[in-house]
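What follows is a set of notes on a single structure, which appears directly below.
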Number of protein chains: 2
Amino acid sequence: MHRSQLAGFIIDCQRGSMHEAADFWSQALGFPRQHTKDPSEANYELLQTGPNNLHVELQNVDHESRVHIDIETDDIDAEVDRLEKLGAKRIEAIKGWVVMQAPTGHRFCVVRPQRANFEDEANQWPD
Amino acid sequence: MHRSQLAGFIIDCQRGSMHEAADFWSQALGFPRQHTKDPSEANYELLQTGPNNLHVELQNVDHESRVHIDIETDDIDAEVDRLEKLGAKRIEAIKGWVVMQAPTGHRFCVVRPQRANFEDEANQWPD
């Protein structure tokens, strides 16, 4: 048995200023920016959505701007298997997560647990 | 003063079967489908995310598949004005909502309140 749930979504921003992008989306959605001084995180900006809420993050990317969904899980291999059986394709593994493509053409990622409510609320799936 | 918050996101699916698309995303995210027999709603499939959670819906579209963000508000004109001042552009009004484009290039929509927690939790903005 493993578990998964919707983690949230990532606002992929093509080669722009992460600060300007985060300023806009922070004010548009009313979520404060969570500033980080870690230079290895310069391509990411997390928004503060509150405990138990969805994970909403901006990412600097080379491809066109888009929004992608993240699914969080306590067992990435088992979750990728489950999603492949539903018709998704595995595209590539990057660091600790896996990029997949839905039958509807949308790219999405399978990631480790991000949300505080994962233990209490994630779906359980038989393996 | 008016109010707004993140309503949720719409999974825009290019000219495919809405039933197959909803089957995949319902099982992938673990949200039951909310079936409707209203033929005017044949291009939409709402997923049941639970009370107070984000609104997650599939939509049949002619453009390429993508995910777009919805912002819900009790005053669409005032919210569009606020977002224009932040740098977004108004693209078009469709039925009861307005399509906008963020400075980051993402299309998003300004819609009427969708979530049960709107009254209690939406952000307040001075006009």
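Proteins get letters first, then strands, A, B, ... in listed order; numbering begins at 1 in each.
For B:Arg82, the salt bridge (charged side-chain N to carboxylate O under 4.0 Å, His left out) criterion is met by B:Glu79, not counting sequence neighbours.
A continuous path of Ile, Leu, Val, Met, Phe, Trp and Tyr side chains, each step under 4.5 Å between heavy atoms, connects A:Phe31 with A:Met18, placing both in one hydrophobic cluster. Hydrophobic clustering, with ILVMFWY side chains joined whenever heavy atoms are under 4.5 angstrom apart, groups B:Ile91 together with B:Trp97. Under the 4.5 Å side-chain contact rule for hydrophobic residues, B:Ile10 and B:Met100 do not share a cluster. Hydrophobic clustering, with ILVMFWY side chains joined whenever heavy atoms are under 4.5 angstrom apart, keeps B:Val80 apart from B:Val99. The same ILVMFWY cluster, assembled from side-chain heavy atoms under 4.5 Å apart, contains both A:Ile94 and A:Val111.
Within the model, atoms OG1 of B:Thr104 and CG of A:Asp23 stand 12.0 Å from one another, a figure rounded to the nearest 0.5 Å. Note: B:Leu29 CG to A:Ile69 CD1 = 5.5 Å, rounded to the nearest 0.5 Å. Between atom CD of residue A:Gln5 and atom OG1 of residue B:Thr49 there is a gap of 12.0 Å, rounded to the nearest 0.5 Å. Rounded to the nearest 0.5 Å, atoms CG (B:Leu54) and CG (A:Leu54) are 4.5 Å apart. B:Phe9 CZ to A:His68 NE2: the interatomic distance, rounded to the nearest 0.5 Å, is 11.0 Å. Distance CD/A:Gln101 to OG/B:Ser65: 9.0 Å, rounded to 0.5 Å.
Among A:Ala122, A:Ser4, A:Pro103, the residue making the largest number of heavy-atom pairs under 4.5 Å with chain B is A:Pro103.
Summarising the geometry of A:Trp125 relative to B:Gly30, their closest heavy-atom pair is CH2-CA, 4.0 Å, with the distance given to 0.1 Å. The heavy-atom pair separating A:Ala28 from B:Ile71 by the smallest distance is O-CD1, 3.7 Å.
For A:Leu58, no part lies under 4.5 angstrom from a heavy atom of chain B. For chain B, the nearby parts of A:Ala88 are the backbone and the side chain; heavy atoms of each come within less than 4.5 Å. Both the backbone and the side chain of A:Leu86 come within less than 4.5 Å of a heavy atom in chain B.
Annotation: B:Glu20, atom CD; neighbour count of heavy atoms from other residues, nucleotides and ligands within 6.0 Å does not exceed 12.
Side-chain contact between A:Val67 and B:His106: present, with at least one pair of heavy atoms (C-beta onward) separated by less than 4.5 Å.
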